[in-house]
Amino acid sequence: MSAATTAAGGDGPVPPPRRSVPGDDATAPTTDGTEPAAGGVDAVGWPAGVPVAEPVEPVVADVEPGRVRWDPAERRARASQSFWTAVVGVPAIFSVLRLGVEAGGELQTTLLLVANVGPVNLLAGFLTTAARLLSTGMVAVFALGAVLAVSADQLPPGTRRRPLFARWADITPAWVVLASFLLALITWPLLYLPLLLPAFAAAFQLRPARLHERVVPRLLIIVALLAGYGWLMLPTLRAAVEQGGEGLALALIVVPPLLALFIAGPLPGVVIRPLASVTEVAVLATLVWAAVPVISTPVLPLTVTTVGPESGPTEDVRGHVVTTDDVNMVILQEQGGVRYVPVDLVRAQVLCPSEEELPRHQLRIHDFHVEDSLLEGMGRRVRPVHRIDATCRTPA
């Protein structure tokens, strides 16, 4: 019988215990208390010629007392999470606020709108009115973020924390940036489209030096681009000068293309931190200011409903039709309150524009009104604007 201890199943001898790292201490006693074997082989038979893995030493970073050092990957993940939370959460919050504002702040009226305005209609209404605001915020963030990012890259590593907009610009794919500019291109009024030129140059860091490596061809390309822009905008500029009082229109047409030549970074390191804080607050304040008309814009179309018996006086009810059934037509009146009108008394109904849709400028860019977007301008060519009904001009 073998003297070696066998396993419980009788399959073979049980090996002696092994040290965690063999060979790291040649003088240390073995697990059974005996001295290690000579010749570079330990008690468990570790060969001398076989390399032994060294223990991994912990990496200790010098961190200022009381300051937590965030891992770059974790910081990137947190920036991505905050960005997409803003993109998804802001439209949902705006939609709920719009229903509350349209209901006049009354709980029961708000519940009535929630019950009858479906999510698809609410989303469609939000996209048609708030897509302009959403694209404006994204274009501003990407343009400022790219400038701040390239400016922060010029600083010594670890000297300053990267601004929030720069981190958002770093984690955003290029196709998302392009999609935000395309959304702005079709939803912004034509009068504000020249602002996309410096914003695009800042977001993608397009400097004049990237046009051509030689100075003379580079200047010729810039002159050709400005000449094409001038040909496109020259009739509008002439009309603005002749009409007078169009200083804002003149500035929006002339200044942006010139600003696009110098907008790309980097900026001096001294102004990065104050500029980052100021721009973040300014963008937030601008979005809040621009969000007020979006929140107050009605979800339902504005109509004037003529109500009255067949032989008798009639009344024009101005408001928004919430729902209609076999008995009543529910109208949210423009001056407040909900009115139930029997369907048998409805004689006519007219769709009316709101005051915000009335034009304020008389300028055009090649047959497109400057206050229309490209989407609205193409739509008006398919369906020209009809004459406003006389009942729409009658106050409620």
Next on the checklist: One pair to check against side-chain contact (heavy atoms from CB on, under 4.5 Å): E371 and L190. What are the steps and the verdict?
Outcome noted: CA-CA 6 Å; E371 295 180 70; L190 297 181; over 6 Å; no
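- In this structure, CG on L99 lies 6.0 Å from CG on L113, to the nearest 0.5 angstrom.
- Considering every non-hydrogen atom in both A146 and A203, the closest pair reads CB-O, 3.4 Å.
- In plain terms, the two heavy atoms of S373 and T187 that are nearest each other are CB-O, 3.5 Å.
- Two residues are said to be in side-chain contact when any heavy atoms from C-beta on lie closer than 4.5 Å; Q349 and V304 fail this criterion.
- For the pair E280 and L164, the minimum side-chain heavy-atom distance is below 4.5 Å.
- Within the 4.5 Å cutoff, side-chain heavy atoms of Q362 are placed close to those of Q243.
- Under the 30°/60° scheme for interplanar angles, the aromatic rings of F204 and F181 are found to be tilted.
- Annotation: side chain of V254 is in contact with side chain of L237 (closest heavy-atom distance under 4.5 Å).
- Inter-residue side-chain proximity for F165 and V283 is flagged as met; some heavy-atom pair is nearer than 4.5 Å.
- Distance check, rounded to the nearest 0.5 Å: CD1 of I253 to CG of L363 gives 7.0 Å.
- The list of ring-ring contact (aromatic ring centres under 6.0 Å, His included) pairs with a residue in residues 311-342, not counting sequence neighbours, is empty.
- With values rounded to the nearest 0.5 angstrom, H366 atom NE2 is found 13.0 Å from R364 atom CZ.
- Interatomic distance, S135 OG to L133 CG, rounded to the nearest 0.5 Å: 8.0 Å.
- Remark: F262 CZ to R207 CZ distance equals 14.0 Å, nearest 0.5 Å.
- Heavy atoms only, all atoms of each residue included: P194 and M233 are closest at CG-CE, 4.1 Å.
- Side-chain contact between T324 and V330: absent, with no pair of heavy atoms (C-beta onward) separated by less than 4.5 Å.
- Scored by the side-chain contact (heavy atoms from CB on, under 4.5 Å) test, L197 finds Y229, P257, A260 as partners (sequence neighbours excluded).
- For the pair P301/L351, a side-chain contact is recorded, criterion being any heavy-atom separation below 4.5 Å from C-beta on.
- Between V150 and P266, the shortest heavy-atom distance links the atoms O-CB, 3.8 Å.
- D326 has its side chain out of reach of V343: every pair of non-hydrogen atoms, C-beta onward, lies at least 4.5 Å apart.
- By the rule that hydrophobic residues join a cluster once side-chain heavy atoms approach within less than 4.5 Å of another member, L259 and L248 end up as members of separate clusters.
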Item to check | Steps toward side-chain contact (heavy atoms from CB on, under 4.5 Å) verdict (V321, L300) | outcome: CA-CA 7 Å; V321 178; L300 302 171; over 6 Å; no
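- A chain of hydrophobic side-chain contacts below 4.5 Å, direct or via other Ile, Leu, Val, Met, Phe, Trp or Tyr residues, connects L250 to L191.
- Within 6.0 Å of the OH atom in Y192, the count of heavy atoms belonging to other residues, nucleotides or ligands does not exceed 12.
- I272 approaches A152 most closely through the heavy-atom pair CD1-N, 3.9 Å.
- Ion pairing between a basic and an acidic side chain is recognised when a charged N comes within 4.0 Å of a carboxylate O; R339 and E315 show such pairing.
- Following chains of ILVMFWY side-chain contacts shorter than 4.5 Å, one can reach V322 starting from V338, so the two form part of one hydrophobic cluster.
- The shortest non-hydrogen separation linking L332 to E102 is CD2-O, 3.5 Å.
- Atom CZ of F368 and atom CZ of R380 lie 11.0 Å apart (nearest 0.5 Å).
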